[in-house]
Amino acid sequence: MKLKKKNIALIYGVTGQDGSYLSRLLLQKGYQVHGVKRRSSSLNTKRIDDIYEDVHEAKNFFLHYGDVTDGQSINYLVNKINPTEIYNLAAQSHVAVSFDLSEYTMMTNALGTLKILEVIKNINPNIRFYQAGTSEMFGASPPPQDEKTSFYPRSPYAVSKLSAHWLTINFRESYGLYACNGILFNHESPQRGETFVTQKIIKGLINIKNKKQKKLYLGNLYAKRDWGHAKDYVHAMWLMLQQKKPKDYVIATGIQYTVKDFINLSAKKLKMPLTWKGQKLKEKAYYLNKPIIEIDSKYFRPSEVESLKGNAKKAKKELRWKPEYTINTLIDEMIAACSE
Ligand code: NAP
Ligand code: GDD
């Protein structure tokens, strides 16, 4: 797809997994990319270090301090940068943590989205807006889930994202904004945060194999997820903002595995044969006759989303989106990056 004029993207959440892939994609497409990073006491830009341009010489990639809970700063940046597209990837994105930080999660994920929408409405309603929605919003609704499936959120995180989802629709319908919700199922990569289950499993197994760690403690092994690759999923975000009309789309692979399947697939690739014994809280995986995976009930959530499997038919038809990665190529890439 050819770009007609210089596009300027403003990315909230640029330092996260998806922000790092989206920045690369947009730079490749000739965008000027502005990313918003939070002030932190230690550096939080490691995922984008290799595309960072020195502030004195930057031409295409710029970083700014900001925070979605600070409406004044959003107002300032949108006025200054005059973006053509805004991607809101900023979030307290950990479901389990949202039970401990429910108020903060709502403020960042729901109110933060509202603040961006208000600024777009007031400063330049022509800015195209992407909202990072999630399959967690389907929660207890049985699979397969698509755009018509009822929402049944099961965590403060999911409730906050559902609020952002409806705010985005409401601003689209009330003020004619080009605003889209991507309803993305789980997506992983070598850039995935270390406390999400896929990265925790891969890093844990590699550490155990290399004798740097004795055991890996996990929670619910039987939750089912539809895991894709972040690189494929940020492409879908961009496609959503290039259409004639703004709409909401489910993005998923349509294939589901349990957490235990993910462990077994990863262990097999690492040539670590596992034997499972015991049940429920006493279930353990043995490697070379030693227990290396055990259950710790602290990783169970007060309410769980048991089964996610998306149907991305609409995105495949209208956006012509399709994932390039499979679960096998995803795990291979995560293992390779971890072993470097
Ligand atoms: P992530 O790695 O946790 O990144 C979240 C980003 O948001 C980080 O850059 C973080 O900054 C930033 N952030 C957090 N609070 C902020 C605030 N108050 N103001 C500004 N920035 C803030 O998440 P991800 O996996 O890339 O996911 C991107 C988005 O998609 C999130 O909104 C997530 O909820 C949503 N989503 C993710 C998935 C998935 O499977 N990955 C699926 C569906 C939806 P720091 O680096 O400083 O922490
Ligand atoms: N994190 C974690 N840690 N999860 C575990 C563990 C563990 O030790 N043991 C089992 N699990 C189970 C969780 O209970 C959940 O059912 C599943 O593994 C996946 O957990 P996460 O990797 O933390 O992801 P998530 O599905 O809760 O949320 C992710 O995907 C959502 C999209 O559906 C996040 O990226 C969300 O931001 C995103 O919206």
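Indexing begins at 1, ligand by ligand and atom by atom, following the structure's order. Since the structure is predicted, the reported quantities are computational estimates derived from the model, not experimental observations. Residue numbers start at 1 and run along the sequence shown.
At least one heavy atom of Tyr157 sits closer than 4.0 Å to an atom of ligand 2. Under a 4.0 angstrom heavy-atom cut-off, His94 registers as being in contact with ligand 2. In this structure, Arg192 has a heavy atom closer than 4.0 Å to ligand 2.
Arg192 has a carboxylate O that lies under 4.0 Å from a charged side-chain N of Glu188, or vice versa, which qualifies the two as a salt bridge. A salt bridge is absent between Lys6 and Glu85; no separation between the charged side-chain nitrogens and carboxylate oxygens falls under 4.0 Å.
Across the listed options Asn220, Thr258, Leu221, Ile263, Asn220 owns the non-hydrogen atom lying nearest to atom 12 (C) of ligand 2. The residue from Gly13, Ser93, Ala230 that puts a heavy atom closest to atom 23 (O) of ligand 1 is Ser93. Residue nearest to atom 2 (C) of ligand 2, selected from Lys260, Arg301, Lys200: Arg301 (by heavy-atom distance).
When each of Met240, Gln243, Lys244 is checked for a side chain to side chain contact (heavy atoms under 4.5 Å, CB included) with Tyr178, only Gln243 meets the rule.
If you number the atoms of ligand 2 from 1 as listed, the ones under 4.0 Å from a heavy atom of Ser135 come out as 32 (C), 33 (O). Near Thr134, with a cut-off below 4.0 Å to any heavy atom, the atoms of ligand 2 are 31 (C), 32 (C), 33 (O), 38 (C), 39 (O). Listed by number with element, the atoms of ligand 2 under 4.0 Å from a non-hydrogen atom of Glu304 are 13 (C), 14 (O), 15 (C), 16 (O). In summary, the atoms of ligand 2 found under 4.0 Å from a heavy atom of Ala223, numbered by their order in the structure, are 16 (O). Close contacts of ligand 2 with Tyr299, meaning ligand atoms under 4.0 Å from a residue heavy atom, involve 8 (O). Per-residue contacts place Gly16 under 4.0 angstrom from the following atoms of ligand 1 (heavy atoms of the residue considered): 2 (O), 4 (O), 8 (C), 9 (O), 26 (O).
With a heavy-atom cut-off of 4.0 Å, Phe196 does not touch ligand 1 at all. For Val68, heavy-atom contacts with ligand 1 shorter than 4.0 Å involve the backbone as well as the side chain. At a heavy-atom cutoff of 4.0 Å, ligand 1 is contacted by the side chain of Arg38 but not by its backbone. Neither the backbone nor the side chain of His94 comes within 4.0 Å of ligand 1, counting heavy atoms alone. Only the side chain of Val95 comes within 4.0 Å of ligand 2, counting heavy atoms alone; its backbone N, CA, C and O stay farther away. In Leu218, the parts holding a heavy atom less than 4.0 Å from any atom of ligand 2 are both the side chain and the backbone. For Lys37, no heavy-atom contact with ligand 1 is shorter than 4.0 Å.
For the pair Lys29 and Trp238, the cation sits on the ring face: its NZ or CZ lies under 6.0 Å from the ring centre, inside 45° of the axis.
Between Glu304 and Asn220, the side chains place a donor N or O and an acceptor N or O closer than 3.5 Å (distance only, hydrogens not considered). Side-chain contact of Tyr325 with Lys231: a donor-acceptor pair under 3.5 Å is absent, judged by distance alone.
Between the Asn109 side chain and the Ala91 main chain, no donor and acceptor come within less than 3.5 Å of each other.
Closest to atom 36 (C) of ligand 2, if we only count protein heavy atoms, is Ser93 O, 3.3 Å. Protein heavy atom nearest atom 9 (N) of ligand 2, with residue, atom name and distance: Gly219 N, 2.8 Å.
For Val197, a nitrogen or oxygen atom sits less than 3.5 Å from a nitrogen or oxygen atom of ligand 2, counting backbone and side chain alike.
Of all non-hydrogen atoms in Glu147 and Val250, the two that sit nearest each other are OE2-N, 2.8 Å.
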